[in-house]
Amino acid sequence: MSVNTDVIETLRERGFVSQLSDPELEKKLASESMIIYAGFDPTAVSLHIGNLLQIMLLAQFQRHGHKPIALVGGATAMIGDPSGKSEERNLLDETTIQTNLQGIKAQLQKYLDFSDDLTNQAILVNNYDWIGPFSFIEFLRDVGKYFRVGEMMGKESVRKRLNSDAGMSFTEFSYQLLQGYDFLHLYREYNCQIQCGGDDQWGNITAGIELTRKLAGQPVYGLTSPLLTTANGQKFGKTEKGTIWLDDQLTSPYEFYQYFVRVDDRDVIALLKRFTFLPIEQIAELEAEVTNAPEKRTAQKVLAEEVTRLVHGEQKLQLALNASQVLFGKEISGLNDADLSSIFADVPSKSIERNRLEAGLELLDALCESELCKSRGDAKKLIKSGGVYVNNKRIDVIDTILKPDALASETILVLRSGKKNYCLLKFH
């Protein structure tokens, strides 16, 4: 693949560039194919949409002819990066980290091209492979001697923690040595000359630049991106329910889609630039839509579709779109318990023994037990008037018997009275 010389221009217009360690980097990127890496510590079984920013940055580099390395931090996850943290992380055991590693590796392969026939194929590495064999004495002697304590304490991430009530342990203080050595190792093994990360990684990145200069005698470079926050000042990817994960078992495609549909008008264009490959000209047209017809939420819908397709694929995007229409009365099909629980998170529910459904549960009784009707008499009138729906399908037969084939998912049946009164019946 030939080098596309406008990679930095593309990254700048899309909002990826905050700091460059050396303006010389722009000239080099314009004239040669380079290798860039970003690190992802497996502190959870899945990456989240905050990580997606660096994944997309690597993907943009690869699309412009450069070679990306995704580093999964099997070693550094055992220490815990203090950057941007107000207190020390809980240390994870090796078994948990190995489980997390497998999930994250599978996710990264969705966004980067690891095909053998590419000259700029992506590479996946685990820093435990080179940090794990070190003894403590060897690491102090071969790596630690090249770090000055004064410089380490001057890093913003360290300074903030030292001045906080939580303080900083020696374990966390050592993190930048490990990340710095990662950069040196990748330079030696792959001629990797660029490390990227969020602005909170600047101290770790510059530590690696200095170590490589001292031990390899060669210049390497750093690039950071602005940390994403919403217009309301909230950390991007966080909701009242928690983190928005890339794993559909942790965040359903419906929830994922809805997160992006709901983003503020002030945030949507910046997210379209970073999290999609849509042409800038098309994003400019969507920006005009936000100004001229904000009530249509056209930009949000495009963003939600593009990112959900990228992360979960076309099939799960269609399920998310179908799920989004369920609340507007679309007949329910193809959804599971997790989907329905997400869609109807604020709807009352009732638990009923499964054997009652298997024996045959009268619709009249179901309406009463769901409290959608006060009595069987009220239920009969409601059915006659056409106001009763099972899984959003109208039921007009008074003596309807509900059996397991009436379930909308594994255990849930959705009852509706009128246009908006719902109750989930959960059969266990």
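Since we're looking at a predicted model, the values are computed, not measured.
- Taking the six-membered ring where tryptophan is involved, the planes of Phe139 and Phe134 are perpendicular, since the angle between them exceeds 60° and thus also 30°.
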Please walk me through it: do Phe427 and Leu413 pass side-chain contact (heavy atoms from CB on, under 4.5 Å)?
CA-CA 8 Å; Phe427 294 90; Leu413 184 150; 4.0 Å; yes

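- Paired with Glu369 under the rule salt bridge (Lys or Arg N to Asp or Glu O under 4.0 Å), one option of Arg356, Lys426, Lys350 passes, and it is Arg356.
- Residue Ile69 holds its CD1 atom at 12.5 Å from CZ of Phe61, rounded to the nearest 0.5 Å.
- Annotation: side chain of Leu47 is in contact with side chain of Phe40 (closest heavy-atom distance under 4.5 Å).
- The shortest heavy-atom contact between Tyr259 and Ile244 is CD1-CG1, 3.7 Å.
- Taking both residues in full, the closest heavy atoms of Asn336 and Asp339 are given as OD1-N, 2.8 Å, listed atom of the first, atom of the second, then distance.
- Here the side chain of Tyr389 pairs no donor or acceptor atom with the backbone of Ser417 at under 3.5 angstrom.
- Under the 3.5 Å distance criterion, the side-chain polar atoms of Asp337 are matched with a main-chain donor or acceptor of Thr411.
- At least one donor-acceptor pair closer than 3.5 Å links the side chain of His66 to the backbone N or O of Met34.
- Side chain to side chain, Gln179 and Gln195 meet the donor-acceptor criterion of an N or O pair below 3.5 Å.
- Under the 4.0 Å criterion applied to side-chain N and carboxylate O atoms, Glu306 and Arg309 are assigned as salt-bridge partners.
- Side-chain contact of Arg266 with Asn232: a donor-acceptor pair under 3.5 Å is present, judged by distance alone.
- For the residue pair Ser351 and His428, no side-chain donor N or O sits within less than 3.5 Å of a side-chain acceptor on the partner.
- Using a cutoff of 4.0 Å between basic side-chain nitrogens and carboxylate oxygens, Glu26 and Arg12 are scored as salt-bridged.
- Not one N or O on the side chain of Gln102 forms a donor-acceptor pair closer than 3.5 Å with the backbone of Thr99.
- Tested against Leu317 for a side-chain contact (heavy atoms from CB on, under 4.5 Å), the candidates Val311, Thr308, Val307, Leu310 yield a single pass: Thr308.
- A donor-acceptor pair under 3.5 Å is absent between the side-chain atoms of Ser349 and the main chain of Leu424, judged by distance alone.
- Every residue was checked against the side chain to side chain donor-acceptor pair (under 3.5 Å) condition with Gln98, not counting sequence neighbours, and none meets it.
- A distance-only check finds no donor-acceptor pair linking the side chain of Asn391 to the backbone of Lys393 [under 3.5 Å].
- Taking the six-membered ring for Trp and the full ring otherwise, Phe183 and Tyr187 have centroids separated by 6.0 Å or more.
- The minimum heavy-atom distance between Ala122 and Leu112, with the atom names listed, is CB-CB, 3.8 Å.
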Stepwise side-chain hydrogen bond (donor to acceptor under 3.5 Å, both in side chains) test for Thr224 and Gln201:
CA-CA 7 Å; Thr224 65; Gln201 292 297 309; over 6 Å; no

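- Across Ala216 and Leu184, no two heavy atoms sit closer than the pair CB-CD1, 4.2 Å.
- Remark: the backbone N or O of Thr276 is not paired with any side-chain donor or acceptor of Arg274 at under 3.5 angstrom.
- Other residues, nucleotides and ligands contribute over 12 non-hydrogen atoms within 6.0 Å of the CD atom of Glu13.
- Looking at residues two or more places apart in sequence or on another chain, you find no side chain to side chain donor-acceptor pair (under 3.5 Å) involving Gln109.
- Residues that satisfy the ring pair (Phe, Tyr, Trp, His ring centres under 6.0 Å) test with Phe275, not counting sequence neighbours, are Phe236.
- Annotation: Lys27, atom NZ; neighbour count of heavy atoms from other residues, nucleotides and ligands within 6.0 Å does not exceed 12.
- No donor-acceptor distance shorter than 3.5 angstrom exists from the side chain of Arg63 to the backbone of Val7, with no hydrogens or angles considered.
- Shown here for Thr43 and Ala77, the closest heavy-atom pair between the two residues is CG2-CB, 4.5 Å.
- A side-chain donor from one of Thr76 and Asp41 sits under 3.5 Å from a side-chain acceptor of the other.
- Atom CD of Glu353 sits in a sparse spot, with 12 or fewer heavy atoms from other residues, nucleotides or ligands closer than 6.0 Å.
- Using a 3.5 Å distance cut-off with no hydrogens or angles, the side chains of Ser324 and Gln258 do pair a donor with an acceptor.
- Nearest heavy-atom pair across Ala366 and Leu361 is CB-CD2, 4.1 Å.
- A donor-acceptor contact closer than 3.5 angstrom is absent between the side chains of Arg416 and Asn421.
- Taking a cutoff of 4.0 Å between a charged side-chain nitrogen and a carboxylate oxygen, Glu358 and Arg354 qualify as a salt bridge.
- For Lys403 and Asp405, the salt-bridge test fails: no basic side-chain N is under 4.0 Å from an acidic carboxylate O.
- No more than 12 heavy atoms of other residues, nucleotides or ligands shown are found within 6.0 angstrom of NZ on Lys296.
- No donor-acceptor pair under 3.5 Å is formed between the side chain of Ser252 and the backbone N or O of Asp248.
- When atom types are taken as modelled, the side chain of Ser18 and the backbone of Ser225 share no donor-acceptor pair closer than 3.5 angstrom.
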Worked check of side-chain hydrogen bond (donor to acceptor under 3.5 Å, both in side chains) between Asp199 and Gln19
CA-CA 8 Å; Asp199 273 340; Gln19 301 174 91; 3.1 Å; yes

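- Note that the OG atom of Ser33 and the NZ atom of Lys28 stand 11.5 Å from one another [nearest 0.5 Å].
- A distance of 13.0 Å separates NZ of Lys273 from CG of Leu11, quoted to the nearest 0.5 Å.
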